[in-house]
Amino acid sequence: MRIPIIAGNWKLNNTVSEAVALTTALKALVADSIGVEIIVAPPFTALSAVHNVIAESNIRLSAQDVFWEDSGAFTGEVSAPLLKDVGCDYVIIGHSERRQYFGETNECVNRKVKAALAHGLKPIICVGEQLEEREAGGTETVIENHVTGGIAGLSASDLLSSVIAYEPVWAIGTGKTATPAQAQEVHNFIRGLLTNAYSDEVASQICLQYGGSVKPENAAELMAQPDVDGALVGGASLEAESFAQIVKRAI
Ligand code: PGA
């Protein structure tokens, strides 16, 4: 069966010393947690230091973005080989904040996904509709567009090395969570898209995370939905205690 994945997306927060302190506290709190994949995604500057803290623990490292080229004259960018070099296993790609503030398109997300996979990084591909799109009845169209655009050209085994995170934009950082039924409806829709594009077998194996104001108080109910296999957590991942509680709700 699918192992739930709980990932903490720290966004633009934490100096190296803050990141080390947070990870050290988290490591102690989740030391006994088995049957769940626990991931932290610090900013680039703290990846290496956090990797030293989590060595030989049950916590995995993710970056928050990656560029599609491996090296060269691309000032300011960080590539998949560089992320592997500092110990990343995962990378978040196409987060709604990247789409919204940095103009990332499905094509760009797809190039990044392929670059990550080519270097053995597991992409966490984010998809999600804005409030106006939901209110206009366009949720499924947007989700289909993000999913098919993001995974275009991936083989079944590439897809199975990937995670898809459904994050309704209106629920991110707003305190407004999708109801468990709303999350389940979209997750089930995504699994249906993957069944059509690949097979039932492939679709039933991929992990679909929910993200958007996940807290210890709502995590259990969301993850109890049959197609919700974990959480991508922003705000509540910045405190070891609340993130650890969410991890425990997944087991
Ligand atoms: P949030 O962020 O938990 O603070 O809503 C989630 C995310 O953006 O991944």
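Read the numbers this way: they start at 1 and go in the same order the structure lists the ligands and their atoms.
Side-chain N/O atoms of T177 and N218 include a donor and acceptor closer than 3.5 Å. Side-chain contact check for Q225 and Y210: no donor-acceptor pair (N or O, by modelled atom type) lies under 3.5 Å. Side chains of E132 and W170: a donor-acceptor N/O pair is absent below 3.5 angstrom, by distance only. Using modelled atom types and a 3.5 Å distance limit, the side chains of E167 and H95 yield a donor-acceptor pair.
Here is the list of ligand 1 atoms found below 4.0 Å of a heavy atom in N9: 9 (O). Short contacts between ligand 1 and G173, defined as distances under 4.0 Å to a heavy atom of the residue, involve ligand atoms 1 (P), 4 (O), 5 (O). The ligand atoms of ligand 1 that sit less than 4.0 angstrom from a heavy atom of S213 are 1 (P), 3 (O), 5 (O). Atoms of ligand 1 found under 4.0 Å from any heavy atom of E167, numbered from 1 in the order shown, are 6 (C), 7 (C), 8 (O), 9 (O). Atoms of ligand 1 found under 4.0 Å from any heavy atom of K11 (numbered from 1 in listed order, with element): 2 (O), 7 (C), 8 (O).
An N or O contact shorter than 3.5 Å links H95 to ligand 1 by distance. Between E97 and ligand 1, not a single N/O pair is under 3.5 Å apart. Among the atoms of G212, none of the N or O lies under 3.5 angstrom from an N or O of ligand 1.
Looking only at heavy atoms of the protein, atom 3 (O) of ligand 1 is closest to G234 N, 2.8 Å. Given atom 4 (O) of ligand 1, the protein heavy atom at minimum distance is G235 N, 2.8 Å.
Residue contact check for ligand 1: A171 places a non-hydrogen atom closer than 4.0 Å to it. For G211, the heavy-atom gap to ligand 1 stays at 4.0 angstrom or more.
Y101 forms part of a hydrophobic cluster together with F102, judged by ILVMFWY side-chain heavy-atom separations under 4.5 Å.
Under a cut-off of 6.0 angstrom, the local environment of CD in E221 is sparse, with at most 12 non-hydrogen atoms contributed by other residues, nucleotides or ligands.
Residue P42 comes nearest to V50 through the heavy atom pair CG-CG2, 3.8 Å, listed as atom of the first residue, atom of the second, then distance. In plain terms, the two heavy atoms of L47 and S62 that are nearest each other are CD2-O, 3.4 Å.
Contacts between I172 and ligand 1 below 4.0 angstrom, taking non-hydrogen atoms only, involve backbone and side chain alike.
Ion pair K114/D158 not flagged as a salt bridge, since none of the NZ, NE, NH1 or NH2 atoms sits closer than 4.0 Å to an Asp/Glu carboxylate oxygen.
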